[in-house]
Participant: 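Sharing a structure below in structure tokens format, with a few things to ask.
The chains referred to below are lettered A, B, ... by the order of the sequence lines, with proteins before strands, and numbering in each begins at 1. Heavy-atom basis, side chains included; hydrogens, waters and symmetry copies ignored.
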Amino acid sequence: MVITTTLLLAQTASAGTTVDTLLDTYRAAGAGPFQAEAGQRMWGETYRSNSAPTERSCKTCHTNNLTASGQHSKTLKPIKPLAPSVNAERLTNSKRIEKWFTRNCKWTIGRECSPQEKGDFLLYIQNQ
Amino acid sequence: MMNIYRKLLALAVVTAGTGLLLSVTVYGDNDREEKDTWLSQSRLDVASVKNSAYQAECGSCHFAYQPGWLPERSWRKLMGGLENHFGDNAELTAEDQGKILDFLVSNAADKSDFKRSKRISGSLKQEDVPLRITDTVYFKRKHHEIPAGYIQGNKMVGSLSNCAACHTRAESGSFNEHEVKIPGVGRWDD
């Protein structure tokens, strides 16, 4: 616990920087300008893919309130809030952000998210 | 206990920039963990092995099942299909995947002397490659008497895969039936 908290404190300052760096990467891939509203729209959308037997959305696990805890739909394991305003650990680690984009876009939408979509999502989450 | 943590934390924060005390803190924590393991090793059912990558990558979605619950062949197969991990996408970078597979393989049930690792391994035929611990003969035998209403029908449990919901010391590798407490039901002694 001591280690985690200490590392966390050392990283907290970089939350904004992490997002900015990622947005630059997406811009370099041709995306932008980014809009939090577009991220919010996708957050609320329900997707149905061939591989998924049930409808899926970000809300399935994270709920519609990003400052609240979520829950893994199958294992029931709690998911800490995504909003940086209540969870300073969020958006501070670009490797972790990209990992969850890959996993969650494929699971929810059935494909990877585009750099544009990822940037929109980041802005929306960052404002929460 | 909390006081010690708070003091350590305060110290660590003050000197976080130097990095020096941080490494001392890390050291102290390791010492404590090693002592715990050494003292209680013989009473555990499966080896309580810790690996930060495994804990972070796998333990964020589900209970971090000890590697001693499945044989090497199962871990190899499971780690080879993470893009469809029981219906979820659990993809890892090649580097993390390799690291975690090494950890799982070197602590697998067929390489462990711990009581339940040996039993679970012994309950399998050589050609059996279970991907779910709950599919092994040994696991089924140990759980078949529990009414479905206590598990699947219990919103606080959900399924038999949720070890820590009922096994109060599961994370430490202890699965003694006297430590079982089913949420909303109470103790379970058969």
Side-chain angles (χ1 to χ4, degrees), chain A residues 1-14 47-58 60-62 69-82 87-90 92-113 118, chain B residues 1-2 4-19 21-30 32-33 52 55-65 82-93 95-97 154-165 183:
Chain A
M1 182 183 128
V2 177
I3 314 167
T4 328
T5 320
T6 314
L7 289 176
L8 187 79
L9 287 169
Q11 272 184 0
T12 311
S14 67
Y47 300 90
R48 200 176 238 297
S49 74
N50 290 336
S51 57
T54 49
E55 291 187 337
R56 294 173 173 182
S57 102
C58 305
T60 309
C61 301
H62 293 288
S69 287
Q71 195 181 41
H72 190 283
S73 66
K74 211 193 264 175
T75 69
L76 310 184
K77 186 140 183 161
I79 300 170
K80 288 181 198 160
L82 266 188
N87 183 358
E89 200 184 345
R90 293 301 187 191
T92 56
N93 182 324
S94 52
K95 188 187 163 198
R96 191 179 300 169
I97 294 171
E98 290 293 2
K99 177 186 81 181
W100 285 112
F101 268 143
T102 306
R103 288 181 176 182
N104 291 350
C105 288
K106 284 189 178 177
W107 186 83
T108 314
I109 310 179
R111 58 164 174 81
E112 287 203 51
C113 286
K118 290 200 257 187
Chain B
M1 200 60 176
M2 263 329 276
I4 297 169
Y5 273 132
R6 280 205 191 117
K7 277 178 197 161
L8 271 172
L9 177 62
L11 272 169
V13 168
V14 171
T15 53
T18 70
L21 197 85
L22 182 64
S23 55
V24 173
T25 318
V26 170
Y27 221 81
D29 206 64
N30 274 348
R32 187 171 53 82
E33 231 167 64
S52 56
Q55 207 74 29
E57 300 304 333
C58 310
S60 54
C61 289
H62 55 71
F63 175 72
Y65 308 104
L82 288 179
E83 64 287 345
N84 183 0
H85 185 65
F86 308 111
D88 267 15
N89 184 300
E91 278 179 58
L92 292 169
T93 61
E95 190 197 348
D96 284 333
Q97 188 172 338
N154 185 341
K155 280 202 167 93
M156 287 175 284
V157 182
S159 82
L160 282 169
S161 315
N162 196 356
C163 308

Participant: Where on B:Asn84 is there a heavy atom nearer than 4.5 Å to chain A: the side chain, the backbone, both, or neither?
Facilitator: neither
Participant: Given that the side chain runs from C-beta out, which part of B:Glu57 has a heavy atom under 4.5 Å from chain A: side chain, backbone, both or neither?
Facilitator: both
Participant: Using modelled atom types and a 3.5 Å cut-off, is there a donor and acceptor pairing between side-chain atoms of A:Lys74 and backbone atoms of B:Phe86?
Facilitator: yes
Participant: For the CG atom of A:Leu76 and the CE atom of B:Met156, what is their distance to the nearest 0.5 Å?
Facilitator: 11.0 Å
Participant: Atom NZ of A:Lys77 and atom OG of B:Ser161: how far apart are they, to the nearest 0.5 Å?
Facilitator: 13.0 Å
Participant: At a 4.5 Å cut-off on heavy atoms, which part of B:Ser60 comes close to chain A: side chain, backbone, both, or neither?
Facilitator: both
Participant: Roughly how far apart are A:Lys99 NZ and B:Asp96 CG, rounded to 0.5 Å?
Facilitator: 7.5 Å
Participant: With rounding to the nearest 0.5 angstrom, report the SG to CD1 distance, B:Cys61 to A:Ile79.
Facilitator: 7.0 Å
Participant: Taking every heavy-atom pair that is under 4.5 Å apart, which of B:Ala165, B:Ala90, B:Ala164 has the most such pairs with chain A?
Facilitator: B:Ala90
Participant: Should B:Leu92 and A:Arg103 count as side-chain neighbours, where that means a heavy-atom distance under 4.5 Å?
Facilitator: yes
Participant: What's the spacing between B:Asn89 CG and A:Glu112 CD if we round to 0.5 Å?
Facilitator: 9.0 Å
Participant: Using heavy-atom distances under 4.5 Å, tell me whether B:Asn162 contacts chain A through its side chain, its backbone, both, or neither.
Facilitator: side chain
